[in-house]
Amino acid sequence: MTFIQQSLGQIAREVPGATDVFHAYKLDFCCGGAHTLQEAAARKGLDAALIADRLTQLVAQAHQAPRQWQETDVPELVDHIQSHFHERHRAQLPELVRLARRVEAVHRDHPACPAGLSALLSDMNSELASHMEREESILFPLLKERQYLVSQGPIRVMLEEHEHHGENLAKVEALTQDMTPPAGACNTWQALYLGLRTFREELMQHIHLENNVLFQHAARMG
């Protein structure tokens with residue numbers, strides 16, 4: 001897929017994570033969303049092909065075929081969860097908070113404006129960051145060392161927190177009409193809801209792998 005002749009607005013609306021790339025290069029995908037990537041890059045003296053490569057990598061990551069993890073060795077599964085989902089969430093949430101703040105500021109008088117979304121996402125970012133840090137420093141080392149009996153206490157705590165993450169997702173869905181932008185929504189609003197849908201899908205997959213594969217294996221072995 002080539003992005004060079006596509007408009008910044010189209011890319012922002014269709015590629016989860018594209019807005020983060022645009023921010024890194026200071027490309028205006030909102031007011032300047034009608035410009036193609038090639039035009040916008042040329043105005044700033046940037047290499048459009050390099051930016052397009054980064055966007056192509058995002059698409060490739062999003063379309064990787066799901067792997068069946070049930071028979072995977074525990075250390076490999078732990079490494080996958082940490083390197084894929086943990087790092088993804090650490091990149092996703094700060095950008096979603098930034099987009100939500102902009103939408104709330106610019107469209108505060110719109111009846112569909114998701115008032116309070118940025119604050120909720122900011123709280124989710126803090127809670128999820130703490131959750132993942134404790135998994136990485138306490139639970140994951142135990143599992144990689146196959147100390148399954150000792151791991152049961154931390155696992156119970158993580159399971160309770162997973163329930164809370166699910167409750168927060170439900171709050172996001174309620175604030176955003178199930179992450180559906182209103183008719184005529186600007187590029188930023190559409191990119192925000194696209195990013196939220198991607199985050200929801202990946203967080204649910206993340207929690208599934210832990211609850212239903214990793215933690216179940218530890219329970220059987222413990």
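In this chain, numbering begins with 1 at the start of the sequence shown.
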Residue pairs, two or more places apart or on separate chains, that pass salt bridge (charged side-chain N to carboxylate O under 4.0 Å, His left out) and touch residues 35-49 = none

Is L99 linked to L128 within one hydrophobic cluster, defined over Ile, Leu, Val, Met, Phe, Trp and Tyr using a side-chain heavy-atom separation of less than 4.5 Å?
-> yes

Residues that H23 engages under ring pair (Phe, Tyr, Trp, His ring centres under 6.0 Å), provided they are two or more places apart = F29

Are any of the side-chain heavy atoms of L214 and L209 separated by less than 4.5 Å?
-> no

Heavy-atom distance under 4.5 Å between the side chains of F3 and V59, does that happen here?
-> yes

Could you list the residues that satisfy side-chain hydrogen bond (donor to acceptor under 3.5 Å, both in side chains) with E127, not counting sequence neighbours?
-> H164, N168

Closest non-hydrogen atom pair between I4 and A49, with its separation | CD1-CA, 4.1 Å

Non-hydrogen side-chain atoms of P114 and H107 separated by less than 4.5 Å = no

The ring pair (Phe, Tyr, Trp, His ring centres under 6.0 Å) partners of H80 (sequence neighbours excluded) come to W69, H84, F85

Taking all non-hydrogen atoms of both residues into account, name the closest pair between P141 and S137 and its distance.
-> CG-O, 3.8 Å

Kindly say whether S122 contributes a backbone atom to a donor-acceptor pair with the side chain of S126 at under 3.5 angstrom?
-> yes

Between OH of Y25 and CD1 of I51, what distance do you get to the nearest 0.5 Å?
-> 5.5 Å

Report the distance from atom CD of Q5 to atom CD of Q38, rounding to the nearest 0.5 Å.
-> 4.5 Å

Can you sort out the partners of H89 under side-chain hydrogen bond (donor to acceptor under 3.5 Å, both in side chains), two or more places apart, ordered by chain and number?
-> Q92, H206

State, yes or no, whether a side-chain contact exists between E104 and L117 at a heavy-atom distance under 4.5 Å.
-> yes

Going by heavy atoms in the side chains, are M132 and R90 under 4.5 Å from each other?
-> yes

Distance-minimising heavy-atom pair for A218 and S151 = CB-OG, 4.1 Å

Pair V74-R146, side-chain contact (heavy atoms from CB on, under 4.5 Å): steps then yes or no | CA-CA 8 Å; V74 165; R146 307 185 193 281; 4.2 Å; yes

Can you hop from V106 to L196 via hydrophobic side chains spaced under 4.5 Å?
-> no

Looking only at heavy atoms, which two atoms of L139 and P154 are closest? And how far apart?
-> CD1-CB, 4.0 Å

In sequence, state the C-alpha distance, the side-chain angles, and the governing distance for L37 and L8, and then conclude on side-chain contact (heavy atoms from CB on, under 4.5 Å).
-> CA-CA 6 Å; L37 174 58; L8 297 185; 4.0 Å; yes

Rounded to the nearest 0.5 Å, what separation is found between the CD1 atom of I155 and the CD1 atom of I138?
-> 12.5 Å

Would you check if V172 and F199 make a side-chain contact, meaning some heavy-atom pair closer than 4.5 Å?
-> no

Salt bridge (charged side-chain N to carboxylate O under 4.0 Å, His left out): which pairs involve residues 185-212, sequence neighbours left out?
-> R88-E202, E173-R200, D178-R200

Hey, quick one: are V213 and L142 part of the same hydrophobic cluster, counting side-chain heavy atoms closer than 4.5 Å, chains of contacts allowed?
-> no

Between A40 and L27 the two heavy atoms that sit nearest each other are O-CD2, 3.8 Å

Would a hydrophobic clustering, with Ile, Leu, Val, Met, Phe, Trp and Tyr connected at side-chain separations under 4.5 Å, put L96 with V15?
-> yes

For the student: nearest non-hydrogen atoms of C113 and V103, plus distance = SG-O, 4.2 Å

F140 side, atom CZ; E145 side, atom CD - distance, nearest 0.5 Å | 13.5 Å

Nearest 0.5 Å, what's the CD-CD1 distance between Q205 and I81?
-> 9.5 Å

Give the C-alpha distance, both sets of side-chain angles, the deciding distance and a yes or no for salt bridge (charged side-chain N to carboxylate O under 4.0 Å, His left out) between K144 and D73.
-> CA-CA 9 Å; K144 292 179 79 169; D73 194 44; over 6 Å; no

In T188, T19, N187, the residue satisfying side-chain hydrogen bond (donor to acceptor under 3.5 Å, both in side chains) with R13 is N187

Are the side chains of I11 and L55 in touch, meaning some heavy atoms are under 4.5 Å apart?
-> yes

side-chain contact (heavy atoms from CB on, under 4.5 Å) evaluation trace for L120 with M124 | CA-CA 6 Å; L120 174 58; M124 291 173 66; 4.0 Å; yes

Is it true that atom CD of E163 has more than 12 heavy atoms of other residues, nucleotides or ligands lying nearer than 6.0 Å?
-> no

Value rounded to 0.5 Å, distance of CG in L159 from CZ in R156 | 9.5 Å

Please say which of V150, L143, L149 ends up in a side-chain contact (heavy atoms from CB on, under 4.5 Å) with Q147.
-> V150

Joint cluster assignment, M204 & L121, ILVMFWY side-chain distance < 4.5 Å | yes

Compare all side-chain heavy atoms of F215 with those of H162 and state whether any distance is below 4.5 angstrom.
-> yes

Between the main-chain N or O of R98 and the side-chain N or O of R101, is there a donor-acceptor pair closer than 3.5 Å?
-> no

Indicate whether the side chain of E161 and that of H165 have a donor and an acceptor atom separated by less than 3.5 Å.
-> no

